[in-house]
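In what follows, every chain begins at residue 1, and chains take the letters A, B, ... in the order their sequences are listed.
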Amino acid sequence: MNKILRKSNVFYDVYERRPGADKLTTTYCPGCGHGILHKLIAEALEDFGVQDRTIFISPVGCSVFAYYYFHTGNVQVAHGRAPAVGTGLKRANPNSIVISYQGDGDLAAIGGLEIINAANRGEGLTVFFVNNAIYGMTGGQMAPTTLIGQITMTTPLGRSVENEGYPIHMSEIIATLEAPVYVERVMLGDTKSIMHTRKAVRKALKIQIEKNGFSFIEVLSACPSGWKMTPIQGEKWVTDTMTKYFPLGVKKDISDTFEGRDFSRKNVEPSELHEVLDIKETRIDAEKIAPFIMKLVAEEIKIAGFGGQGVLSLGTVLSEMGMRHNYEVSWLPSYGPEMRGGTANCSVKISSKKIGSPVVANPTILIAMNRPSLDKFETGVVSGGLIVYDSSLIDRAPTRTDVTVIPIPATKMADELGNTKIANMIIVGALIKYLGIMSQEIVLDSIGDVLKRKELVPLNQKAILKGAEFIKNIK
Amino acid sequence: MPKQFLKGNVSVVKGAILAGCKAYYGYPITPASEIAHAAALYFPRAGGTFIQAESEIAAINMVYGAASAGLRVMTASSGPGISLKQEGVSYCAGSELPCVIVDIMRGGPGLGNIAPEQSDYNQVVKGGGHGNYKTIVLAPNSVQEMCDLGILAFDLADKYRNPVFILTDGFIGQMMEPVEFPEPIAQEKIPEKSWVVKGTAETSDNVITSIELDPDDLERHNLKLQKKYKIIEEQEVRVEEYHTDDAEIVLIGYGIVSRIIHSVIDELREEGVKAGMLRPITLFPFPKRKISELAERVKFFLTAEMSNGQMVDDVRLAVEGKKPVYFYNRMGGNVPSMKEVHDKVIKIMRLL
């Protein structure tokens with residue numbers, strides 16, 4: 001007898017967090033199911049010896065104050081978000097036992113997305129879904145599980161299919177997903193049904209404790225205050241009426257075959273992080289850059305062409321090479337839908353001085369890889385500047401007479417090397433040769449550090465050399 | 001030299017991991033998506049968690065959970081996504097949870113576009129969610145600062161038990177520059193948090209909550225928060241000043257605009273105009289005192305923004321009418337050119 005009557009140790013003896021004089025009773029109304037379900041959960045946690053490991057998530061709704069009662073770690077969360085918060089808690093400490101305790105408005109309405117996705121990921125959570133077909137705390141409004149014809153504050157004439165649709169069957173929905181291990185709908189009615197609920201609660205918690213599996217227990221529960229009934233009438237309504245719409249039973253159970261989930265994170269020492277993050281030293285050869293360090297460089301380069309011509313990477317290669325010569329550099333991509341096809345452009349600055357704005361409005365150098373780019377940017381080039389264009393694709397020469405113009409049949413030359421896409425590197429080789437602000441040797445040596453596809457390094461080197469040779473021949 | 005040439009959006013992720021950040025929860029959105037890409041690659045490798053959340057709201061609530069459990073945790077988004085996250089930010093502020101949120105601003109309102117704007121200033125700096133709260137807001141203007149201020153953000157978040165925003169624009173997120181990474185922070189340098197809930201006996205008496213039913217209790221909680229914000233205002237203001245010593249004209253801007261202003265100042269100085277720049281690095285706390293001091297001796301201020309004029313309100317409040325505060329802006333994803341800002345200064349000078 002003693003054992004049965006004792007309050008579980010998982011509850012606080014005195015509810016100190018509860019404001020007001022009464023620190024011994026709960027905030028729940030007579031006939032409400034929360035108290036019973038709390039008790040079943042508390043007893044299970046105690047029996048399984050996991051009180052210390054447990055984190056109880058209090059939702060918004062009548063059980064918002066569950067943290068008054070449960071002597072476990074407690075987190076109170078926004079309406080509907082418990083499964084997302086639970087995901088963060090569980091992933092942070094995979095050894096913790098996380099309980100998401102939610103009502104029907106919380107779980108099935110405002111938090112519909114969170115529960116579906118946490119269930120679908122198979123988070124190591126145990127969800128207790130208290131379905132009483134009404135919003136209790138806010139004063140008896142319609143819930144997504146309110147029955148057809150049921151009168152609430154927001155369905156004063158009864159819920160109608162025409163206006164509000166049908167009651168939502170969450171257990172059945174969750175059971176269609178692959179990841180959940182155990183889904184059952186139970187009820188708090190007569191003693192027998194409560195004892196059955198006790199079994200379901202324990203099984204669901206066990207699945208988390210032993211295998212980190214996701215379980216979902218829907219508990220049909222009375223809200224006599226919201227329903228404007230006596231506790232006896234409430235219990236009867238759950239048993240006779242609610243169960244017609246919400247059939248009891250196991251909706252899914254793969255606990256026998258479920259092998260368990262491991263949410264633990266890899267242990268990585270801080271000392272390993274630089275390597276893990278691909279943070280590498282950039283080789284700068286002081287001897288080799290010596291001829292260039294006194295040069296006053298202030299190039300503002302606009303590179304433009306079709307998407308796929310390697311316009312953006314032409315820019316990053318130039319900038320990266322500039323950085324390897326201790327210049328200040330910046331690269332800014334063109335911005336907008338044209339990045340997903342069509343034309344692309346980027347702005348590169350290579351300077352002996354600190355770079356303020358990375359935006360290139362009036363380039364000192366324009367690299368035009370197609371006709372629209374030449375048309376668009378030619379007028380903006382500074383007087384005395386340089387225009388390099390792919391003469392194998394652009395059928396007109398620039399009209400400007402106050403700038404230097406270098407036509408390079410880059411695409412044709414790239415084709416001769418066997419790969420059209422290498423035209424951009426031919427331009428790189430040509431420009432570096434022409435400007436004389438960087439060492440060709442450094443560029444060739446370090447191109448492998450810059451490119452993602454290492455197997456293409458020899459081809460890129462060939463293209464750079466070919467571009468340089470072209471300049472040598474026209475000079 | 002350990003320099004790497006990287007995008008701002010990648011830099012902030014590497015910096016965060018070096019700062020001991022162990023979890024990233026986010027939802028893809030341009031122009032912040034590279035943050036999620038880098039996080040997806042590096043967090044699991046570095047012993048952290050990455051989850052692409054089902055929504056922005058779920059992402060910030062996963063952050064809420066991880067922060068409750070004591071982890072250094074971050075998320076990132078852009079304008080429309082930040083609007084969605086605001087509910088969770090308010091809860092984090094109310095429950096005093098340290099976390100870092102990156103906002104790579106794009107054009108708005110509504111779907112707007114994916115070009116850079118600075119129109120999230122009000123919703124981030126003024127506390128866009130419900131309730132009397134503030135978040136610390138850091139405004140990087142380079143790829144290096146995306147790393148450095150990202151690291152600082154985690155320290156400030158823990159120090160004050162408060163959400164910290166990294167607020168910048170699409171240009172700073174998308175551009176590439178050399179960046180030098182520091183050594184990783186040692187685990188023991190990350191402060192112990194006794195208030196967390198992590199499923200242990202020692203933390204089983206803890207509760208993370210923002211609910212206080214009794215008006216007196218909630219007022220006390222609010223007063224405590226306001227006191228904390230006051231301390232932050234006294235201790236955490238950060239600015240960059242450029243030629244303000246003898247400046248008669250001070251230009252104010254943050255993010256990409258400050259880079260443009262920097263170049264404009266060089267031009268103006270060459271022309272003999274005594275111009276300087278004040279760049280707020282912290283938008284909250286806002287450098288009110290610094291601006292108030294400058295107002296005693298400069299002729300006028302010019303604030304430039306890629307918004308309809310959001311930060312300029314704070315500048316005006318700090319100047320308190322002592323000197324004229326002019327404003328130049330572009331919106332919709334257009335970036336003010338150096339020439340536009342330069343010409344605006346000359347035009348104002350002629351007026352005076």
Side-chain angles (χ1 to χ4, degrees), chain A residues 17 19 51-55 58 64 67 71-78 81 84-93 95-98 113-114 116-117 121 265-268 270-271 273-274 276-277 279-282 284 316 319-320 323 329-333 335-337 356-359 361, chain B residues 1-5 14 17-18 23 25 42 45-49 51 54-55 57-58 61-66 68-69 71 87-88 91 114-115 170-171 174-178 181 184-187 197-201 203-204 206-211 213-214 259-260 262-263 266 335 337-338:
Chain A
R17 287 178 178 142
Q51 177 179 9
D52 291 345
R53 284 164 61 194
T54 301
I55 302 173
S58 310
V64 64
Y67 66 87
H71 187 180
T72 59
N74 280 284
V75 179
Q76 197 284 312
V77 302
R81 317 300 176 213
V85 174
T87 299
L89 284 163
K90 183 74 178 189
R91 299 287 186 126
N93 294 298
N95 193 43
S96 54
I97 306 301
V98 181
L113 190 64
E114 284 80 359
I116 295 281
N117 283 277
R121 284 191 303 270
R265 300 190 308 273
K266 222 162 77 181
N267 187 35
V268 178
S271 57
L273 283 180
H274 270 218
V276 161
L277 295 175
I279 295 172
K280 290 177 208 125
E281 301 237 338
T282 303
I284 291 182
T316 57
S319 323
E320 287 232 16
M323 182 177 83
V329 292
S330 68
W331 173 92
L332 187 67
Y335 216 80
S357 166
V359 180
Chain B
M1 250 184 285
K3 273 188 188 172
Q4 270 201 306
F5 191 65
K14 293 192 181 191
I17 292 172
L18 292 175
Y25 298 105
Y42 291 120
R45 267 205 218 168
T49 301
I51 293 182
E54 59 270 28
S55 71
I57 296 172
N61 280 282
M62 290 172 188
V63 166
Y64 184 99
S68 299
L71 283 199
E87 173 202 57
Y91 273 76
I114 57 171
F171 267 9
Q174 302 276 325
M175 70 185 282
M176 291 176 93
E177 281 183 317
F181 289 100
I185 186 168
Q187 195 58 41
V197 170
K198 50 184 189 183
T200 58
T203 63
S204 71
N206 291 344
V207 56
I208 306 294
T209 183
S210 59
I211 189 171
L213 268 200
D214 184 276
R259 299 282 295 259
I260 293 153
H262 194 282
S263 296
D266 287 346
V335 181
S337 70
M338 281 168 57

Quick one: CG on A:Asn74 to OG on B:Ser68, what's the gap to the nearest 0.5 Å?
11.0 Å
Tell me whether B:Lys198 contacts the main-chain N or O of A:Ser96 through its side chain, where contact means a donor paired with an acceptor under 3.5 Å.
no
B:Glu87, B:Arg45, B:Gln187, B:His262: which one forms the most heavy-atom pairs within less than 4.5 Å of chain A?
B:Arg45
Residues A:Arg265, B:Leu71; criterion side-chain contact (heavy atoms from CB on, under 4.5 Å); working and verdict:
CA-CA 13 Å; A:Arg265 300 190 308 273; B:Leu71 283 199; 4.0 Å; yes
A:Gln76 side, atom CD; B:Thr209 side, atom OG1 - distance, nearest 0.5 Å
4.0 Å
Might you point out which heavy atoms bring B:Asn61 and A:Ala78 nearest each other, and give the distance in Å?
OD1-CB, 4.3 Å
Chain A interface, residue from B:Ile17, B:Thr203, B:Asp266 that has the most non-hydrogen pairs under 4.5 Å
B:Ile17
Are B:Ser204 and A:His71 packed together at the side-chain level, in the sense that at least one heavy-atom pair is separated by less than 4.5 angstrom?
yes
Keeping the roles fixed (side chain from A:Arg53, backbone from B:Gly199), state whether a donor-acceptor pair exists under 3.5 Å.
no
side-chain contact (heavy atoms from CB on, under 4.5 Å) for B:Val207 and A:Arg17? Distances and angles first, verdict last.
CA-CA 10 Å; B:Val207 56; A:Arg17 287 178 178 142; 3.6 Å; yes
After noting the C-alpha distance and the side-chain angles of B:Tyr64 and A:Val75, does the key distance pass the side-chain contact (heavy atoms from CB on, under 4.5 Å) rule?
CA-CA 10 Å; B:Tyr64 184 99; A:Val75 179; 3.6 Å; yes
Contact between B:Met62 and A:Val85 at the side-chain level, heavy atoms closer than 4.5 Å - yes or no?
no
Looking at A:Pro19, A:Ala361, A:Pro358, which one has more heavy-atom pairs under 4.5 Å with chain B than the rest?
A:Pro358
Tell me, side chain or backbone of A:Val98 under 4.5 Å from chain B's heavy atoms, or both, or neither?
neither
Residues A:Ile279, B:Gln4; criterion side-chain contact (heavy atoms from CB on, under 4.5 Å); working and verdict
CA-CA 7 Å; A:Ile279 295 172; B:Gln4 270 201 306; 3.9 Å; yes
For A:Asp52, which atoms come within 4.5 Å of any heavy atom of chain B: side chain, backbone, both, or neither?
both
For B:Asp214, give me all partners under side chain to side chain contact (heavy atoms under 4.5 Å, CB included), at least two apart in sequence or on another chain.
B:Asp216, B:Asp217
Can you tell me how far the OG atom of B:Ser55 sits from the CG atom of A:Leu113, to the nearest 0.5 Å?
5.0 Å
Grab the two heavy atoms, one from A:Gly88 and one from B:Tyr25, that are nearest each other, plus how far apart they are.
CA-OH, 3.7 Å
As an exercise: rank B:Ile185, B:Ile211, B:Val335 by heavy-atom pairs under 4.5 Å with chain A and give me the winner.
B:Ile211
Nearest 0.5 Å please: distance from the CD atom of B:Glu177 over to the CH2 atom of A:Trp331.
12.0 Å
Between B:Gly88, B:Ala186, B:Gly47, which shows the greatest number of heavy-atom pairs under 4.5 Å with chain A?
B:Gly47
Rounded to the nearest 0.5 Å, what separation is found between the CZ atom of B:Phe5 and the OG1 atom of A:Thr282?
10.5 Å
First locate atom NZ of B:Lys3, then atom CD of A:Glu320, and finally report the distance between them rounded to the nearest 0.5 Å.
12.0 Å
So do B:Met176 and A:Ser330 actually touch side chain to side chain, heavy atoms under 4.5 Å?
no
In terms of heavy-atom pairs under 4.5 Å with chain B, the winner among A:Thr54, A:Val359, A:Thr316, A:Ile97 is A:Thr316
Can you check whether A:Ser357's main-chain N or O pairs, donor with acceptor, with B:Ser263's side chain at less than 3.5 Å?
yes
